[in-house]
Amino acid sequence: MSIQPSTYSPDIAVPTDKRVFGARDLFSLWFSLGIGLMVLQTGALLAPGLGLSGSLLAIFLGTLVGVLLLAAVGVIGSDTGLSSMAALKLSLGTKGASLPALLNLLQLIGWGSFEIIVMRDAASLLGTRAFSEGNLLASPLLWTLFFGGLATLLAVSGPLTFVRQILRKWGIWLLLAACLWLTWNLLAKADLAALWAQAGDGSMPFAAGFDIAIAMPLSWLPLIADYSRFGKRAKSVFGGTALGFFIGNFWLMSLGVAYTVAFAPSGEVNALLLALAGAGLGIPLLLILLDESENAFADIHSAAVSSGILLRLKIEHLALAIGVICTLIACLAPLAQYQNFLLLIGSVFAPLFGVVLVDHFILRRRGQAVAASLRWPALLAWLGGVSTYHLLANLYPDIGATLPALVLAGLLQLILGRAFSGARAPVQA
(Lines give C-alpha, C1' and ligand atoms only; values in the text may rest on other atoms or scores of the structure.)
Protein backbone atom coordinates (compact mmCIF):
# COMPACT_ATOMS: atom_id res chain seq x y z
CA MET A 1 0.00 0.00 0.00
CA SER A 2 1.62 3.24 -1.10
CA ILE A 3 1.07 6.18 1.22
CA GLN A 4 -0.11 9.41 -0.38
CA PRO A 5 0.23 12.81 1.30
CA SER A 6 -2.42 12.79 4.00
CA THR A 7 -3.71 16.28 3.41
CA TYR A 8 -2.86 19.80 2.39
CA SER A 9 -2.49 22.84 4.59
CA PRO A 10 -5.88 23.46 6.24
CA ASP A 11 -5.70 27.13 5.27
CA ILE A 12 -5.03 26.50 1.58
CA ALA A 13 -7.64 25.22 -0.88
CA VAL A 14 -6.92 21.79 -2.36
CA PRO A 15 -5.87 22.34 -6.01
CA THR A 16 -8.50 21.40 -8.56
CA ASP A 17 -6.37 18.63 -10.08
CA LYS A 18 -6.03 17.01 -6.63
CA ARG A 19 -9.79 16.83 -6.04
CA VAL A 20 -10.13 13.19 -6.99
CA PHE A 21 -13.06 11.87 -4.93
CA GLY A 22 -16.13 10.91 -6.95
CA ALA A 23 -19.53 9.74 -5.76
CA ARG A 24 -18.30 6.16 -5.25
CA ASP A 25 -15.40 7.29 -3.05
CA LEU A 26 -17.65 9.41 -0.86
CA PHE A 27 -20.35 6.74 -0.72
CA SER A 28 -17.74 4.24 0.52
CA LEU A 29 -16.38 6.67 3.11
CA TRP A 30 -19.71 7.75 4.54
CA PHE A 31 -21.29 4.30 4.41
CA SER A 32 -18.34 3.14 6.50
CA LEU A 33 -18.58 6.09 8.93
CA GLY A 34 -22.33 5.50 9.28
CA ILE A 35 -21.57 2.00 10.61
CA GLY A 36 -20.11 1.15 13.99
CA LEU A 37 -20.62 -0.25 17.45
CA MET A 38 -21.66 3.15 18.78
CA VAL A 39 -24.37 3.27 16.09
CA LEU A 40 -25.67 -0.15 17.19
CA GLN A 41 -25.61 0.95 20.82
CA THR A 42 -27.43 4.19 19.99
CA GLY A 43 -30.21 2.14 18.40
CA ALA A 44 -30.37 0.10 21.58
CA LEU A 45 -31.03 3.29 23.56
CA LEU A 46 -34.23 3.91 21.59
CA ALA A 47 -35.58 0.36 21.75
CA PRO A 48 -37.12 0.15 25.25
CA GLY A 49 -38.98 3.46 25.12
CA LEU A 50 -40.18 3.52 21.50
CA GLY A 51 -40.38 -0.14 20.56
CA LEU A 52 -39.40 -1.45 17.15
CA SER A 53 -41.89 0.47 15.01
CA GLY A 54 -41.51 3.81 16.82
CA SER A 55 -37.72 3.52 16.86
CA LEU A 56 -37.47 2.80 13.14
CA LEU A 57 -39.69 5.77 12.31
CA ALA A 58 -37.58 8.09 14.52
CA ILE A 59 -34.38 6.72 12.98
CA PHE A 60 -35.68 7.07 9.42
CA LEU A 61 -36.85 10.67 9.84
CA GLY A 62 -33.89 11.81 11.96
CA THR A 63 -31.31 10.22 9.67
CA LEU A 64 -33.00 11.55 6.52
CA VAL A 65 -33.06 15.15 7.74
CA GLY A 66 -29.58 14.83 9.20
CA VAL A 67 -27.90 13.47 6.05
CA LEU A 68 -29.41 16.21 3.89
CA LEU A 69 -27.86 18.82 6.18
CA LEU A 70 -24.59 16.88 6.38
CA ALA A 71 -24.31 16.57 2.61
CA ALA A 72 -25.10 20.28 2.17
CA VAL A 73 -22.19 21.16 4.46
CA GLY A 74 -20.06 18.72 2.45
CA VAL A 75 -20.76 20.81 -0.65
CA ILE A 76 -19.12 23.78 1.11
CA GLY A 77 -15.90 21.76 1.21
CA SER A 78 -16.05 20.95 -2.51
CA ASP A 79 -16.99 24.55 -3.39
CA THR A 80 -14.09 26.08 -1.49
CA GLY A 81 -11.50 23.30 -1.35
CA LEU A 82 -11.00 24.22 2.31
CA SER A 83 -11.07 22.09 5.46
CA SER A 84 -14.04 22.45 7.80
CA MET A 85 -12.47 24.89 10.23
CA ALA A 86 -10.76 26.93 7.48
CA ALA A 87 -14.10 27.29 5.67
CA LEU A 88 -15.58 28.75 8.85
CA LYS A 89 -13.36 31.80 8.36
CA LEU A 90 -15.55 32.82 5.43
CA SER A 91 -18.57 33.04 7.75
CA LEU A 92 -17.08 33.96 11.14
CA GLY A 93 -13.91 35.80 10.15
CA THR A 94 -10.29 34.75 10.58
CA LYS A 95 -10.29 35.26 14.35
CA GLY A 96 -13.88 34.14 14.82
CA ALA A 97 -13.04 30.67 13.50
CA SER A 98 -10.38 30.06 16.17
CA LEU A 99 -12.88 29.24 18.93
CA PRO A 100 -14.73 26.55 16.94
CA ALA A 101 -11.36 25.10 15.87
CA LEU A 102 -10.28 24.80 19.51
CA LEU A 103 -13.61 23.31 20.61
CA ASN A 104 -13.51 20.89 17.70
CA LEU A 105 -10.00 19.80 18.64
CA LEU A 106 -11.09 19.12 22.23
CA GLN A 107 -14.20 17.20 21.28
CA LEU A 108 -12.43 15.11 18.64
CA ILE A 109 -9.66 14.09 21.05
CA GLY A 110 -12.40 13.06 23.47
CA TRP A 111 -14.46 11.18 20.90
CA GLY A 112 -11.35 9.52 19.48
CA SER A 113 -10.60 8.25 22.98
CA PHE A 114 -14.20 7.05 23.38
CA GLU A 115 -14.02 5.15 20.11
CA ILE A 116 -10.88 3.36 21.29
CA ILE A 117 -12.58 2.53 24.60
CA VAL A 118 -15.69 1.17 22.83
CA MET A 119 -13.52 -1.04 20.62
CA ARG A 120 -11.41 -2.17 23.56
CA ASP A 121 -14.38 -3.14 25.72
CA ALA A 122 -16.08 -5.04 22.89
CA ALA A 123 -12.90 -6.88 21.91
CA SER A 124 -12.17 -7.75 25.55
CA LEU A 125 -15.71 -9.10 25.96
CA LEU A 126 -15.38 -11.21 22.82
CA GLY A 127 -11.96 -12.43 23.93
CA THR A 128 -13.33 -13.49 27.32
CA ARG A 129 -16.29 -15.23 25.66
CA ALA A 130 -14.10 -17.09 23.15
CA PHE A 131 -11.30 -18.03 25.54
CA SER A 132 -11.40 -17.22 29.24
CA GLU A 133 -11.02 -14.31 31.61
CA GLY A 134 -7.34 -13.55 32.16
CA ASN A 135 -6.37 -14.74 28.67
CA LEU A 136 -4.10 -12.36 26.76
CA LEU A 137 -6.79 -11.81 24.11
CA ALA A 138 -9.13 -10.58 26.84
CA SER A 139 -6.65 -7.94 28.03
CA PRO A 140 -8.10 -4.40 27.88
CA LEU A 141 -4.60 -2.88 27.70
CA LEU A 142 -3.65 -5.00 24.70
CA TRP A 143 -6.78 -4.01 22.78
CA THR A 144 -6.39 -0.34 23.73
CA LEU A 145 -2.88 -0.26 22.28
CA PHE A 146 -3.93 -2.25 19.21
CA PHE A 147 -6.91 -0.11 18.26
CA GLY A 148 -5.16 3.12 19.21
CA GLY A 149 -2.22 2.20 17.00
CA LEU A 150 -4.47 1.13 14.10
CA ALA A 151 -6.52 4.34 14.19
CA THR A 152 -3.36 6.45 14.40
CA LEU A 153 -1.79 4.67 11.43
CA LEU A 154 -4.91 5.30 9.34
CA ALA A 155 -5.00 8.97 10.41
CA VAL A 156 -1.35 9.51 9.46
CA SER A 157 -1.87 7.85 6.07
CA GLY A 158 -4.73 10.28 5.36
CA PRO A 159 -8.06 10.21 3.54
CA LEU A 160 -6.72 9.70 0.02
CA THR A 161 -4.91 6.48 0.94
CA PHE A 162 -7.67 5.30 3.28
CA VAL A 163 -10.58 5.75 0.88
CA ARG A 164 -8.90 4.76 -2.38
CA GLN A 165 -6.70 1.86 -1.22
CA ILE A 166 -8.66 0.40 1.70
CA LEU A 167 -12.34 1.23 1.57
CA ARG A 168 -13.03 1.11 -2.17
CA LYS A 169 -10.95 -1.99 -2.87
CA TRP A 170 -12.15 -4.32 -0.13
CA GLY A 171 -13.30 -2.58 3.05
CA ILE A 172 -16.82 -1.72 1.92
CA TRP A 173 -17.44 -5.27 0.67
CA LEU A 174 -16.55 -6.76 4.04
CA LEU A 175 -18.87 -4.30 5.77
CA LEU A 176 -21.72 -5.11 3.39
CA ALA A 177 -21.21 -8.82 4.04
CA ALA A 178 -21.27 -8.25 7.82
CA CYS A 179 -24.47 -6.19 7.66
CA LEU A 180 -26.18 -8.72 5.38
CA TRP A 181 -25.22 -11.60 7.67
CA LEU A 182 -26.53 -9.84 10.79
CA THR A 183 -29.75 -9.01 8.92
CA TRP A 184 -30.20 -12.62 7.74
CA ASN A 185 -29.57 -13.93 11.25
CA LEU A 186 -32.20 -11.55 12.64
CA LEU A 187 -34.79 -12.55 10.03
CA ALA A 188 -34.10 -16.24 10.65
CA LYS A 189 -34.32 -16.17 14.44
CA ALA A 190 -36.71 -13.35 15.45
CA ASP A 191 -40.48 -13.00 15.08
CA LEU A 192 -40.40 -9.49 13.64
CA ALA A 193 -44.17 -9.31 13.14
CA ALA A 194 -44.76 -9.85 16.86
CA LEU A 195 -42.00 -7.43 17.77
CA TRP A 196 -43.44 -4.79 15.40
CA ALA A 197 -46.80 -4.98 17.16
CA GLN A 198 -45.17 -4.64 20.59
CA ALA A 199 -45.24 -1.03 21.80
CA GLY A 200 -42.44 0.61 23.75
CA ASP A 201 -42.75 1.36 27.45
CA GLY A 202 -43.07 5.12 26.86
CA SER A 203 -39.91 6.01 28.77
CA MET A 204 -38.64 8.03 25.77
CA PRO A 205 -40.75 10.60 23.86
CA PHE A 206 -40.70 10.27 20.07
CA ALA A 207 -39.16 13.76 19.75
CA ALA A 208 -36.25 12.66 21.94
CA GLY A 209 -35.70 9.62 19.73
CA PHE A 210 -35.72 11.85 16.66
CA ASP A 211 -33.20 14.17 18.35
CA ILE A 212 -30.89 11.23 19.07
CA ALA A 213 -31.19 9.95 15.49
CA ILE A 214 -30.53 13.32 13.85
CA ALA A 215 -27.59 13.90 16.19
CA MET A 216 -25.71 10.98 14.59
CA PRO A 217 -25.22 12.56 11.12
CA LEU A 218 -25.03 16.08 12.56
CA SER A 219 -22.15 15.03 14.82
CA TRP A 220 -20.05 14.82 11.63
CA LEU A 221 -20.75 18.41 10.56
CA PRO A 222 -17.45 19.79 11.94
CA LEU A 223 -15.50 17.12 10.05
CA ILE A 224 -17.08 16.57 6.65
CA ALA A 225 -15.32 19.30 4.66
CA ASP A 226 -11.97 17.80 5.70
CA TYR A 227 -12.85 15.00 3.23
CA SER A 228 -15.29 16.60 0.79
CA ARG A 229 -12.65 19.21 -0.15
CA PHE A 230 -11.12 16.38 -2.19
CA GLY A 231 -14.40 15.96 -4.10
CA LYS A 232 -14.54 16.50 -7.87
CA ARG A 233 -18.04 17.94 -8.16
CA ALA A 234 -20.64 19.24 -5.73
CA LYS A 235 -23.30 16.89 -7.13
CA SER A 236 -21.12 13.83 -6.47
CA VAL A 237 -20.25 15.06 -2.98
CA PHE A 238 -23.89 15.62 -2.04
CA GLY A 239 -25.23 12.38 -3.51
CA GLY A 240 -22.43 10.08 -2.37
CA THR A 241 -22.39 11.49 1.16
CA ALA A 242 -26.16 11.52 1.69
CA LEU A 243 -26.81 8.06 0.24
CA GLY A 244 -23.80 6.40 1.86
CA PHE A 245 -24.39 7.72 5.36
CA PHE A 246 -28.16 7.22 5.21
CA ILE A 247 -27.92 3.55 4.22
CA GLY A 248 -25.14 2.71 6.69
CA ASN A 249 -26.53 4.63 9.66
CA PHE A 250 -30.19 3.63 9.18
CA TRP A 251 -29.29 -0.01 8.62
CA LEU A 252 -26.99 -0.38 11.65
CA MET A 253 -29.06 1.68 14.05
CA SER A 254 -32.13 -0.30 13.05
CA LEU A 255 -30.24 -3.55 13.67
CA GLY A 256 -29.29 -2.21 17.10
CA VAL A 257 -32.99 -1.66 17.87
CA ALA A 258 -34.11 -5.02 16.48
CA TYR A 259 -31.42 -7.09 18.20
CA THR A 260 -32.19 -5.33 21.47
CA VAL A 261 -35.96 -5.94 21.44
CA ALA A 262 -35.48 -9.51 20.17
CA PHE A 263 -32.51 -10.81 22.14
CA ALA A 264 -31.44 -8.22 24.75
CA PRO A 265 -34.62 -6.59 26.12
CA SER A 266 -32.72 -5.37 29.18
CA GLY A 267 -30.99 -2.86 26.89
CA GLU A 268 -27.58 -3.53 28.50
CA VAL A 269 -24.61 -3.02 26.20
CA ASN A 270 -22.99 -6.35 27.07
CA ALA A 271 -26.27 -8.22 26.44
CA LEU A 272 -26.52 -6.61 23.00
CA LEU A 273 -22.90 -7.43 22.14
CA LEU A 274 -23.33 -11.05 23.21
CA ALA A 275 -26.48 -11.34 21.10
CA LEU A 276 -24.60 -9.94 18.10
CA ALA A 277 -21.65 -12.24 18.79
CA GLY A 278 -23.96 -15.22 18.39
CA ALA A 279 -24.39 -14.50 14.67
CA GLY A 280 -21.90 -16.15 12.32
CA LEU A 281 -19.46 -17.16 15.07
CA GLY A 282 -19.02 -13.48 15.89
CA ILE A 283 -17.32 -12.73 12.56
CA PRO A 284 -19.81 -10.02 11.43
CA LEU A 285 -19.47 -8.28 14.78
CA LEU A 286 -15.70 -8.54 14.52
CA LEU A 287 -15.77 -6.83 11.12
CA ILE A 288 -17.95 -4.04 12.50
CA LEU A 289 -15.59 -3.78 15.45
CA LEU A 290 -12.66 -3.28 13.07
CA ASP A 291 -14.73 -0.74 11.14
CA GLU A 292 -15.03 1.30 14.34
CA SER A 293 -11.33 2.08 13.92
CA GLU A 294 -12.32 4.07 10.81
CA ASN A 295 -14.46 6.34 12.99
CA ALA A 296 -11.49 6.83 15.30
CA PHE A 297 -9.37 7.54 12.20
CA ALA A 298 -11.74 10.35 11.21
CA ASP A 299 -11.70 11.81 14.73
CA ILE A 300 -7.91 11.78 14.95
CA HIS A 301 -7.28 13.02 11.40
CA SER A 302 -9.80 15.86 11.69
CA ALA A 303 -8.43 16.79 15.11
CA ALA A 304 -5.05 17.16 13.41
CA VAL A 305 -6.57 19.29 10.65
CA SER A 306 -8.34 21.49 13.23
CA SER A 307 -5.15 21.93 15.21
CA GLY A 308 -3.40 22.79 11.95
CA ILE A 309 -5.44 26.01 11.99
CA LEU A 310 -3.87 26.87 15.35
CA LEU A 311 -0.37 25.34 15.02
CA ARG A 312 1.89 25.55 11.98
CA LEU A 313 2.94 21.90 11.91
CA LYS A 314 2.55 19.13 9.36
CA ILE A 315 -0.79 17.35 9.55
CA GLU A 316 0.94 13.94 9.59
CA HIS A 317 2.94 14.91 12.69
CA LEU A 318 -0.12 16.34 14.42
CA ALA A 319 -2.11 13.18 13.64
CA LEU A 320 0.61 11.03 15.18
CA ALA A 321 0.73 13.16 18.34
CA ILE A 322 -3.07 13.25 18.71
CA GLY A 323 -3.35 9.49 18.12
CA VAL A 324 -0.87 8.92 20.96
CA ILE A 325 -2.82 11.31 23.22
CA CYS A 326 -6.14 9.55 22.48
CA THR A 327 -4.58 6.17 23.22
CA LEU A 328 -3.10 7.38 26.51
CA ILE A 329 -6.44 8.88 27.54
CA ALA A 330 -8.16 5.58 26.75
CA CYS A 331 -5.57 3.77 28.87
CA LEU A 332 -5.49 6.08 31.87
CA ALA A 333 -8.30 8.59 32.18
CA PRO A 334 -11.72 8.05 33.77
CA LEU A 335 -14.05 9.51 31.16
CA ALA A 336 -17.47 9.16 32.80
CA GLN A 337 -17.74 12.86 33.63
CA TYR A 338 -15.82 13.97 30.55
CA GLN A 339 -18.67 12.58 28.41
CA ASN A 340 -20.99 15.32 29.70
CA PHE A 341 -18.37 17.92 28.77
CA LEU A 342 -18.13 16.44 25.27
CA LEU A 343 -21.90 16.58 24.83
CA LEU A 344 -21.84 20.20 25.98
CA ILE A 345 -19.19 21.06 23.39
CA GLY A 346 -21.05 19.15 20.69
CA SER A 347 -24.18 21.20 21.29
CA VAL A 348 -22.49 24.29 19.83
CA PHE A 349 -21.92 22.82 16.38
CA ALA A 350 -25.48 22.23 15.14
CA PRO A 351 -26.37 25.95 15.56
CA LEU A 352 -22.99 26.92 14.12
CA PHE A 353 -23.64 25.09 10.89
CA GLY A 354 -27.12 26.54 10.65
CA VAL A 355 -25.28 29.86 10.41
CA VAL A 356 -22.72 28.51 7.92
CA LEU A 357 -25.31 26.93 5.60
CA VAL A 358 -27.34 30.13 5.32
CA ASP A 359 -24.22 32.23 4.87
CA HIS A 360 -22.73 30.02 2.16
CA PHE A 361 -25.80 29.15 0.10
CA ILE A 362 -28.04 32.21 0.55
CA LEU A 363 -25.95 35.23 1.51
CA ARG A 364 -22.79 34.44 -0.44
CA ARG A 365 -24.49 32.23 -3.06
CA ARG A 366 -21.65 29.68 -2.87
CA GLY A 367 -19.03 32.36 -3.49
CA GLN A 368 -15.99 33.37 -1.44
CA ALA A 369 -15.75 36.53 0.64
CA VAL A 370 -13.24 39.22 1.40
CA ALA A 371 -11.34 38.28 4.56
CA ALA A 372 -12.37 39.92 7.82
CA SER A 373 -11.13 39.58 11.36
CA LEU A 374 -14.53 39.01 13.00
CA ARG A 375 -18.02 38.80 11.57
CA TRP A 376 -20.18 39.86 14.49
CA PRO A 377 -23.60 39.17 12.90
CA ALA A 378 -22.64 35.52 12.36
CA LEU A 379 -21.24 35.22 15.89
CA LEU A 380 -24.46 36.69 17.36
CA ALA A 381 -26.59 34.30 15.29
CA TRP A 382 -24.48 31.39 16.51
CA LEU A 383 -24.86 32.52 20.14
CA GLY A 384 -28.62 32.76 19.67
CA GLY A 385 -28.73 29.20 18.35
CA VAL A 386 -26.63 27.79 21.20
CA SER A 387 -28.83 29.59 23.77
CA THR A 388 -31.93 28.16 22.11
CA TYR A 389 -30.45 24.66 22.23
CA HIS A 390 -29.81 24.75 25.97
CA LEU A 391 -33.11 26.48 26.72
CA LEU A 392 -35.07 23.77 24.92
CA ALA A 393 -32.92 20.93 26.26
CA ASN A 394 -33.44 22.05 29.86
CA LEU A 395 -37.03 23.37 29.83
CA TYR A 396 -38.70 21.43 27.02
CA PRO A 397 -36.76 18.17 26.57
CA ASP A 398 -39.74 16.40 25.01
CA ILE A 399 -39.66 18.48 21.82
CA GLY A 400 -35.97 18.06 20.96
CA ALA A 401 -33.35 20.78 20.69
CA THR A 402 -30.93 20.05 17.85
CA LEU A 403 -33.00 20.88 14.77
CA PRO A 404 -34.83 23.91 16.27
CA ALA A 405 -31.50 25.42 17.36
CA LEU A 406 -29.98 24.89 13.91
CA VAL A 407 -32.99 26.42 12.14
CA LEU A 408 -33.19 29.42 14.48
CA ALA A 409 -29.47 30.13 14.14
CA GLY A 410 -29.86 30.02 10.37
CA LEU A 411 -32.80 32.42 10.45
CA LEU A 412 -30.88 34.83 12.68
CA GLN A 413 -27.94 34.69 10.28
CA LEU A 414 -30.25 35.45 7.36
CA ILE A 415 -31.77 38.48 9.13
CA LEU A 416 -28.54 39.85 10.60
CA GLY A 417 -26.48 39.03 7.54
CA ARG A 418 -28.78 41.01 5.26
CA ALA A 419 -29.10 43.83 7.78
CA PHE A 420 -25.29 44.22 7.88
CA SER A 421 -24.61 43.23 4.27
CA GLY A 422 -22.60 46.40 3.67
CA ALA A 423 -19.89 45.07 6.00
CA ARG A 424 -18.75 42.46 3.52
CA ALA A 425 -18.17 42.17 -0.20
CA PRO A 426 -18.99 38.82 -1.82
CA VAL A 427 -16.61 37.55 -4.44
CA GLN A 428 -17.45 34.62 -6.72
CA ALA A 429 -15.11 31.70 -6.37
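- Between atom NZ of residue Lys232 and atom CZ of residue Phe21 there is a gap of 10.5 Å, rounded to the nearest 0.5 Å.
- Distance CG/Leu57 to CG/Leu50: 9.0 Å, rounded to 0.5 Å.
- In plain terms, the two heavy atoms of His390 and Ser347 that are nearest each other are NE2-OG, 3.0 Å.
- Under the rule for a side-chain hydrogen bond (donor to acceptor under 3.5 Å, both in side chains), Ser228 has no partner lying at least two apart in sequence or in another chain.
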| Would His360 and Ser91 count as a side chain to side chain donor-acceptor pair (under 3.5 Å) if you check the C-alpha gap in whole Å, the side-chain angles of each, and the deciding distance to 0.1 Å? | CA-CA 8 Å; His360 183 77; Ser91 298; over 6 Å; no

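- Every residue two or more places apart in sequence or in another chain that forms a side-chain contact (heavy atoms from CB on, under 4.5 Å) with Ser302 is listed here: Leu108, Leu223, Asp226, Tyr227.
- In terms of the side-chain hydrogen bond (donor to acceptor under 3.5 Å, both in side chains) criterion, residue partners of Thr183 (sequence neighbours excluded) are, by chain and number, Trp251.
- Between Ile322 and Thr152 there is no side-chain heavy-atom pair separated by less than 4.5 Å.
- Residues satisfying the ring-ring contact (aromatic ring centres under 6.0 Å, His included) test with Trp173, not counting sequence neighbours, are none.
- Looking only at distances, a side-chain donor or acceptor of Asp25 sits under 3.5 Å from a matching main-chain atom of Gly22.
- Between Ser78 and Phe230 the shortest side-chain heavy-atom distance does not fall below 4.5 Å.
- Here the side chain of Ser157 pairs a donor or acceptor atom with the backbone of Leu154 at under 3.5 angstrom.
- For the pair Phe361 and Val75, the minimum side-chain heavy-atom distance is below 4.5 Å.
- A distance of 8.0 Å separates CE in Met119 from CG in Asn295, rounded to the nearest 0.5 Å.
- Shown here for Leu90 and Asp359, the closest heavy-atom pair between the two residues is O-OD2, 3.8 Å.
- Arg418 places no side-chain N or O within 3.5 Å of a backbone atom of Gln413 that could act as its donor or acceptor partner.
- Partners of Phe31 by ring-ring contact (aromatic ring centres under 6.0 Å, His included), not counting sequence neighbours, listed by chain and number: Phe27.
- Residues satisfying the ring-ring contact (aromatic ring centres under 6.0 Å, His included) criterion with Trp143, sequence neighbours excluded, are Phe146, Phe147.
- Between the side chain of Asp211 and the backbone N or O of Ala401, at least one donor-acceptor pair lies under 3.5 Å.
- Under the side-chain contact (heavy atoms from CB on, under 4.5 Å) criterion, Leu328 pairs with Val324, not counting sequence neighbours.
- Ile224 approaches Gly74 most closely through the heavy-atom pair CD1-CA, 3.7 Å.
- One N or O on the side chain of Glu292 and one on the backbone of Leu37 form a donor-acceptor pair closer than 3.5 Å.
- The two residues Cys179 and Leu255 make their nearest non-hydrogen contact at O-CD1, 4.2 Å.
- Within the structure, no pair that satisfies the side-chain hydrogen bond (donor to acceptor under 3.5 Å, both in side chains) test touches residues 320-333, not counting sequence neighbours.
- With hydrogens and angles disregarded, a donor-acceptor distance shorter than 3.5 Å links the side chain of Arg364 to the backbone of Gly367.
- For the pair Arg375 and Leu92, the minimum side-chain heavy-atom distance is 4.5 Å or more.
- Heavy-atom minimum distance, Val257 versus Gly43: CG2-O, 3.1 Å.
- Using modelled atom types, one side-chain atom of Ser84 and one backbone atom of Pro222 make a donor-acceptor pair closer than 3.5 Å.
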Under 3.5 Å donor-acceptor pairs involving side-chain atoms of residues 237-250, not counting sequence neighbours:
| unit_1 | atom_1 | unit_2 | atom_2 | d |
| --- | --- | --- | --- | --- |
| Thr241 | OG1 | Val237 | O | 2.7 |
| Asn249 | ND2 | Thr63 | OG1 | 3.3 |

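- The shortest distance between side-chain heavy atoms of Leu406 and Thr402 does not fall below 4.5 Å.
- Closest heavy-atom contact between Ala58 and Ala213: O-CB, 3.5 Å.
- For the pair Val73 and Val356, the minimum side-chain heavy-atom distance is 4.5 Å or more.
- Looking at Arg229, its side chain never comes within 3.5 Å of a backbone N or O of Val14 through a donor-acceptor pair.
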| task | Start with the C-alpha distance between Tyr389 and Asn394, add both sets of side-chain angles, then the distance that settles side chain to side chain donor-acceptor pair (under 3.5 Å), and finish with yes or no. | result | CA-CA 9 Å; Tyr389 180 98; Asn394 286 289; over 6 Å; no

| task | Could you go through the side-chain contact (heavy atoms from CB on, under 4.5 Å) check for Val305 and Met85 one step at a time? | result | CA-CA 8 Å; Val305 174; Met85 295 300 109; over 6 Å; no

| task | Show the numbers, then the answer: is there a side-chain contact (heavy atoms from CB on, under 4.5 Å) between Trp30 and Val67? | result | CA-CA 10 Å; Trp30 289 102; Val67 297; over 6 Å; no

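- Checked against side-chain hydrogen bond (donor to acceptor under 3.5 Å, both in side chains), Asp299 has no partners two or more places apart in sequence or in another chain.
- With rounding to the nearest 0.5 Å, the separation of CG in Leu64 from CZ in Phe210 is 9.0 Å.
- Residue Thr388 is tested with Leu408, Leu412, Val407 for a side chain to side chain contact (heavy atoms under 4.5 Å, CB included); the sole match is Leu408.
- Considering only residues two or more places apart in sequence or on other chains, Leu103 meets the side-chain contact (heavy atoms from CB on, under 4.5 Å) condition with Leu99, Ile345, Val348, Phe349.
- For Asn104, the side-chain hydrogen bond (donor to acceptor under 3.5 Å, both in side chains) partners two or more places apart in sequence, or in a different chain, are Gln107, Ser306.
- Rounding to the nearest 0.5 Å gives a distance of 12.5 Å between SG of Cys326 and CH2 of Trp111.
- Between Phe353 and Leu69, the closest side-chain pair of non-hydrogen atoms is not below 4.5 Å.
- Side-chain N or O atoms of Arg120 include none that pairs as donor or acceptor with a backbone N or O of Cys331 at under 3.5 Å.
- A side-chain donor-acceptor contact under 3.5 Å links Ser219 to the backbone of Met216.
- The side-chain heavy atoms of Leu88 and Leu352, taken from C-beta on, include a pair separated by under 4.5 Å.
- With values rounded to the nearest 0.5 angstrom, Leu218 atom CG is found 7.5 Å from Leu70 atom CG.
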